[in-house]
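These notes are about the structure you will find just below.
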Amino acid sequence: QVQLVESGGGLVQAGGSLRLSCAASENIFSINTMAWYRQAPGKQRELVAGITRDGNTNYADSVKGRFTLSRDNAKNTVYLQMNSLKPEDTAVYYCYVRQFTIVYWGQGTQVTVSS
């Protein structure tokens, strides 16, 4: 099984920046897709950003231009750089991995943006 370790969440003021990390126990070359989802209280979980094995990225309209997804193959880690944070970005952020047809989820990390 793939194990995911998330880090980088915390409290930040509006307009600030934060970087989330998701480290996988498997070499990410064998992983089809890595992504970040988020879920706010009373809201449905939504896709924030995703990256394929080939390096292609996709972003939700609400974060496009502010968030950047990147990959470090040597560390088997995916990063989500979050800039110009807004209070509506407040949520629990979950790392998502699909290896072949199997899906794995991280434990979640809290991001809180104050106004």
Side-chain angles (χ1 to χ4, degrees):
Q1 289 186 328
V2 174
Q3 293 183 326
L4 306 176
V5 179
E6 301 176 355
S7 62
L11 175 64
V12 66
Q13 292 185 339
S17 298
L18 210 58
R19 189 178 75 162
L20 304 183
S21 299
C22 178
S25 61
E26 301 285 341
N27 190 298
I28 59 176
F29 287 136
S30 68
I31 296 174
N32 298 96
T33 301
M34 300 188 73
W36 286 96
Y37 285 74
R38 67 186 181 187
Q39 187 168 22
K43 304 292 184 179
Q44 292 184 328
R45 186 173 298 185
E46 64 175 351
L47 175 66
V48 177
I51 187 168
T52 67
R53 183 172 53 197
D54 296 329
N56 295 319
T57 55
N58 184 51
Y59 298 92
D61 289 340
S62 60
V63 306
K64 192 172 184 179
R66 300 187 297 119
F67 291 8
T68 303
L69 195 62
S70 62
R71 180 184 63 207
D72 187 334
N73 293 334
K75 297 181 178 180
N76 297 329
T77 301
V78 166
Y79 304 94
L80 183 66
Q81 179 67 46
M82 304 184 294
N83 297 326
S84 302
L85 283 163
K86 305 175 181 179
E88 51 262 43
D89 295 319
T90 296
V92 177
Y93 285 69
Y94 297 91
C95 186
Y96 163 102
V97 163
R98 182 173 68 84
Q99 184 184 49
F100 305 111
T101 62
I102 303 173
V103 172
Y104 302 90
W105 291 95
Q107 80 281 0
T109 184
Q110 177 70 47
V111 171
T112 302
V113 184
S114 62
S115 60

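FYI, the numbering just counts along the sequence from 1. Computed from a predicted model, the values in this text were never measured in an experiment.
Shown here for S115 and A14, the closest heavy-atom pair between the two residues is CA-CB, 4.3 Å. Across all non-hydrogen atoms, the minimal contact from V111 to G9 is CG2-CA, 4.2 Å. Here the closest heavy-atom approach between residue C95 and residue L4 is recorded as O-CD1, 3.9 Å. Of all the heavy atoms in G106 and Y94, the pair that sits closest is O-CD2, 3.7 Å. Between T90 and V113, the shortest heavy-atom contact is OG1-N, 2.9 Å. Between N83 and S17, the shortest heavy-atom distance links the atoms OD1-OG, 2.8 Å.
Here L20 contributes atom CG and F67 contributes atom CZ; the two are 8.0 Å apart, rounded to the nearest 0.5 Å. The distance from the CZ atom of R71 to the SG atom of C22 is 13.0 Å, given to the nearest 0.5 Å. To the nearest 0.5 angstrom, L47 atom CG is 11.5 Å from R45 atom CZ.
Judged by distance alone, with hydrogens and angles left aside, the side-chain atoms of R98 form no donor-acceptor pair with the main-chain N or O of T33 at under 3.5 Å.
Because its NZ or CZ atom is both nearer than 6.0 Å to the ring centre of Y79 and within 45° of the ring axis, R19 counts as a cation-pi partner of that residue.
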Intermediate values then yes/no, side chain to side chain contact (heavy atoms under 4.5 Å, CB included), E6 and Y93: CA-CA 9 Å; E6 301 176 355; Y93 285 69; 5.7 Å; no
Pair R38-D89, side chain to side chain contact (heavy atoms under 4.5 Å, CB included): steps then yes or no: CA-CA 9 Å; R38 67 186 181 187; D89 295 319; 3.0 Å; yes
Derivation of the side chain to side chain contact (heavy atoms under 4.5 Å, CB included) call for N58 and N56: CA-CA 7 Å; N58 184 51; N56 295 319; over 6 Å; no
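The number of heavy atoms from other shown groups lying within 6.0 Å of CD (Q13) does not exceed 12. By the neighbour-count criterion of 12 heavy atoms within 6.0 Å, atom CD of Q110 is densely surrounded, having more than that number from other residues, nucleotides or ligands.
Counting heavy atoms from C-beta outward, W36 and M82 have side chains that stay 4.5 Å or more apart.
A continuous path of ILVMFWY side-chain contacts below 4.5 Å connects V92 to W105, so both sit in one hydrophobic cluster. In terms of hydrophobic clustering, with Ile, Leu, Val, Met, Phe, Trp and Tyr side chains grouped at heavy-atom distances under 4.5 Å, M34 and F100 are assigned to different clusters. Note on L69 and L85: same hydrophobic cluster, where clusters join Ile, Leu, Val, Met, Phe, Trp and Tyr whose side-chain heavy atoms are under 4.5 Å apart, directly or indirectly.
Note on ring orientation: taking the six-membered ring where Trp is involved, the planes of Y96 and Y37 are tilted (angle from 30° to 60°).
Applying the side-chain contact (heavy atoms from CB on, under 4.5 Å) test between S21 and each of V5, T77, L80, T109 identifies T77 as the sole match.
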